[in-house]
Colleague: 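Can you keep this structure in mind? I'll have questions shortly.
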Amino acid sequence: MRDPAVPRSYGVLLAVVAVATAVLVLAQAELLARLASGGDGIALLAGVVGARAAVLWGQRVLTQRTAATVKARLRERVLRDAVARRGDRAGAVSTLVTRGVDAVEPYLAGYLPQLAVAAVVPLAVLLRLAFADLTAALTILVTLPLIPVFAALVGAHTRDRTRRQWAELSAVGGHFLDVVAGLGTLKLFGRAAAQADTVRRMATAHADTTMRTLRVAFLSALVLELVATLSVALVAVPVGLRLLGGGVDLRVALLVLLLAPEAYLPLRAAGAQFHAGAEGLAVLEQAAVVPAPPATATRRPPDLGRAEIVLEDVGVRSLRGFHLRIAPGERIALVGPSGAGKSTLLALLLGEVVPDTGRVLVGGVDLREIDRTAWLRGLAWVPQAPTAFEGTVADNIRLGGPDATAAAVAVGLGDLLEARHPLSSGERQRVALARALARADAGLLLLDEPTARLDSGTEATVLAAARALSRGRTAVLVAHRPALLAEVDRVVELR
Amino acid sequence: MRRLLLAALAATLAELSGVALMTTAVWLVVRAADHPPMAALTVAIVAVRALALSRGALRYAERLAGHDAVLRYLADLRGRVYESLLRQPVRRHSGDLVTRLVSDVDAVQDAVLRCLLPACAAGLVGAVAVAVVPVLAIPVLLLGIVLPAAAFAVADRHLRALAPLRSRLAERTVGLVHGAAELTAFGALEDELARTGEVVADIGGRERRVALLTGALSAVGVLTQSGAALALLASGASVPVVLGTLAALEVFLPLTSAAQRWAEVRGSLARVRELLTARPVPSAGEELPPGRRIALVGPSGAGKTTLLARFVTPEARGALADAHVFHTTVRANVLFAKPGATQDELDHAARVADLDLDWDTVVGERGTAISGGQRQRLVLARAVLAAPPVLLLDEPVEGLDPDHADRVLAAVLAAAPGAVVLVTHRLSPLAHQHFDEVLVLEAGVITQRGSHAELVAVPGYYRDRWEDEGITRGLSAPA
């Protein structure tokens, strides 16, 4: 509830609605009892009924609109957080952003409003009954606390389970994504059918644990139900008997009978919403993240045309005490066995990876002190496994720079400008090359196995592109093809 | 099914108990006001107490039976859904598939427990109410049919508008998470987040607008319920009947939200049904003579991978372009190719594929925690372990340095016990390893076929590429 995504005024508004509801519940019971015992006031009662409907409408609109607003804020926040943290599981994030966040709605628009009503209405009913018939009021006063006490007991029991269930669900989501994404591979190895048993087993185990939780949860619901219905019996029978003896009049007896269930109803309803509410709360907690500290590096990047890049005693991942000096305009190829840290080196220059030990210096300035956005603006990067983003090939290329057409033609994608996902891996590679080509003013080129999945014929086109890309700028290429080595000034071997 | 019927019956009786409890209690009080002899009230007193107990017990029975039936059914359904997926060609948007498996199947639970059961109970309670007080047919129809239908229509329209937005959100989310580094590098992260934010805002806007209508429908429900009781009261009906009416019509109020929920889950139900009834797509692979070794070469996009897919038969195994690395240990990733393989067999496969990873390393989602070359050798080790009668290899050593690549490929081919189909763009393995036939594929058509020696002897794509490679082979020699 203290989540900043939830508007501050929400609690106050819910309280106002609850008070209005309480006043109308009392008025309705009062008028109904008077009418049923031979009095008048049917027009007034109709007015009260109309007002109740209006308050209900207002409450629904308020709560659902608030829920929609909060959900939108949470979605944005989860996305930003996932992107900032990197390396997150896309399946789990996707589940949370689309379906997971929806679980907040029953909490905000169902549980919380009901909780507000449950806090106000029973109290108002008790007060009114204390003046009408003290015995009935006392009966309710004694039995009423049983409901929240039981609800709390059940709540404590189911809360942990619900939380575990939610964690399990996102794990299942991740598992399914993995299994389904690998369905082709599983089929090829004749293992897909065996996996079906695992899927079934996991689902059955899930059903078993859920039923165990539910048996307890329902048992307590049974107690709540019994407390409420028995209380009506406890109130109705003695009132009837006292009426028989002339202790009370019919109007008061009816009022007691009408109001007694109203005392229990909101608490029971809140209890019923508790599980849905707990799930929503768990999601709120999952989505609650510590905001990343804002980037403080503000130094402008040195002119890459003149600045020397130095990796000084760098240690991170598989790199240990690594030294490299790259002169301005120098073109370097990195070779070495896979896993030697070629891609890590590029990630260091991109600022994606920060060295554990040592420094990366650009023109004598530590890369960590340089404004990252400005630094990246001077880079053209061709990743090893490029992502195809939503939109056309042209849209994807335009991430690099405005002239998508020329770049596309240069890598043989001229006919595919308006094509959309799915692209083949070869096409994705070429899109990434074109994207780098479109970044005409980049001072540093980072190329990671650019010709992977292209045959030697297409490789020639790509080599031409690489040549054009590295002309007049500093370039670091991760190369496996001998053909690319001809394009560089120096070959650096990593082991 | 029997449990479900039981649940529906228990739900109906629970509701009827509630209505009877209220009616009897009111009758008791009204009758007591006439000061009859005590004996006239005894039956009512007992009835009130009994009804109060039975309502709770019946509700418990309903919940337990309903949930148990549905959860067992769901477990089975999940398995069936997965098995249907097996018979379908693999689709690309795995995010969508997961949404289907997890939430569509979960939606079935809601369809039964939150829509079907309450509707059944309300229908039966309504029938009893109309039988006792015929004029109640009007509010029962209004609350039981008209309002739910309206709520369904509103929700259905809303969801139809929302569906494409949600799938766009899911797609963009996957793109954002996987491509965060690229988007950052090209300064497009904020733009992409903003565009995704627009989708989020669009969803939120629609949800806010529809709240006006759904809220109004709930209000109309309460108006109808109370209005009916008021009308009865005004027309001189007895007090127990009036208050019993209020209680009976109360049962119908949740139907409005049930109808909205039905609109939500209907799409899921239809998708599950569609998946379960989809015709299996037959896959007929091409048989190869035992031990035959074929290589496929040609420019990218010529259809090599497509042609390779034609050799997929039940006994074929291999390392294909779309080979998936599962988010688990290296051991599990290799072992599934031959469950029950010994540690010696595993070590042998790793030696052949030159896989130098620790068996207990976790590879990360899509194998992102290991390098590209390691990933490829892992996929190869898997194919080696399977030791299949037909081995399919699609550019299996693509990411490795040429020398390393040639060494690994030679070892894999030497260890292969049966037929082999290799897709490669590098021709030197074809010169040094034995292949019965090399197929040259250009624009989807086989333009040349023969042995390496035959193909280099005649002009054509193959000889061009071979000479091309000769130049670069010379360059790489000093390195």
Side-chain angles (χ1 to χ4, degrees), chain A residues 36 49 53 56-57 60-61 64-65 68 72 75 82-83 89-90 93-94 97-99 173 176-178 180-185 189 191-192 196 199-200 203-204 207 218 222 225-226 229-230 233 236-237 240 243-244 250 253 338-339 352 376 381 387 389 399 422 426 454-455 457-458 482-483, chain B residues 25 28-29 32-33 45 48-49 52 55-56 60 63 67 71 75 78-79 82-83 86 90 92 94-95 97-98 101-103 170 173-175 177-181 185-186 188 200 204 207-208 211 215 219 222-223 226 239 299-300 322 324 326-327 336-337 365 371 373-374 425 465 472 475-476:
Chain A
V49 165
L56 181 68
W57 187 17
R60 290 287 155 91
V61 173
Q64 303 218 322
R65 289 178 74 113
R75 287 193 165 112
V83 165
R89 309 188 54 187
V93 176
S94 189
V97 165
T98 50
R99 194 183 107 76
F176 269 137
L177 176 67
D178 206 30
V180 172
L183 207 53
T185 303
F189 283 87
R191 299 303 302 164
V199 169
R200 233 177 251 271
T204 311
F218 291 163
L222 166 71
E225 194 99 28
L226 283 180
T229 44
L230 278 179
V237 174
L243 196 57
L244 198 61
L250 179 60
S338 49
E352 280 289 312
L376 288 170
W381 175 40
T387 310
F389 297 102
L399 287 177
L454 301 181
D455 61 277
T458 318
Chain B
L28 173 70
V29 167
I45 289 170
V48 163
R49 286 174 181 157
R55 186 180 141 84
Y60 183 66
R63 284 187 177 151
H67 278 82
L71 286 172
R78 241 174 231 201
Y82 177 80
E83 277 158 4
L86 286 188
V90 179
R92 277 173 189 264
S94 54
L97 280 179
V98 166
L101 276 165
V102 178
S103 45
T173 301
V174 172
V177 174
H178 276 306
F186 286 95
V200 168
E207 284 174 343
R208 274 194 292 281
V222 169
L223 270 184
S226 309
V239 179
S300 59
D322 64 348
H324 184 78
F326 294 92
H327 187 13
F336 87 86
E365 189 175 9
S371 82
Q374 286 165 337
H425 74 277
R465 292 284 74 77
T472 51
L475 258 175
S476 74

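Excluded from the calculations below are hydrogen atoms, water molecules and symmetry mates; all remaining heavy atoms, backbone and side chain alike, are included. Keep in mind that what you see is a predicted model, and the values were worked out from it rather than measured. Lettering follows sequence order; numbering is per chain, from 1.
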Colleague: Please determine, among B/V29, B/L28, B/V239, the option with the most heavy-atom pairs under 4.5 Å with chain A.
Modeller: B/V29
Colleague: Please check this pair: side chain of A/T185 against backbone of B/H324, looking for a donor-acceptor N/O pair closer than 3.5 Å.
Modeller: yes
Colleague: Heavy-atom cut-off 4.5 Å, strictly under: side chain, backbone, both or neither for A/L243 against chain B?
Modeller: both
Colleague: Only counting residues at least two apart or in another chain, list the ones meeting salt bridge (charged side-chain N to carboxylate O under 4.0 Å, His left out) with B/E207.
Modeller: A/K71
Colleague: Relative to chain A, which of B/V222, B/L71, B/V48 shows the most heavy atom pairs under 4.5 Å?
Modeller: B/L71
Colleague: Taking C-beta and beyond as the side chain, do A/F389 and A/L399 meet within less than 4.5 Å on heavy atoms?
Modeller: yes
Colleague: Flag the one option from A/R75, A/E352, A/E225, A/R65 with the top tally of heavy-atom pairs under 4.5 Å to chain B.
Modeller: A/R65
Colleague: Using a cut-off of under 4.5 Å for heavy-atom pairs, which of A/V237, A/L226, A/L56, A/L230 has the most such pairs with chain B?
Modeller: A/V237
Colleague: With sequence neighbours left out, write down each residue that passes salt bridge (charged side-chain N to carboxylate O under 4.0 Å, His left out) with B/R63, or none if nothing qualifies.
Modeller: none
Colleague: At a heavy-atom distance under 4.5 Å, which candidate from B/A188, B/G204, B/A33 has the highest pair count against chain A?
Modeller: B/A33
Colleague: For B/F186 and A/W381, work out which heavy atoms get closest and say how close.
Modeller: CZ-O, 3.3 Å
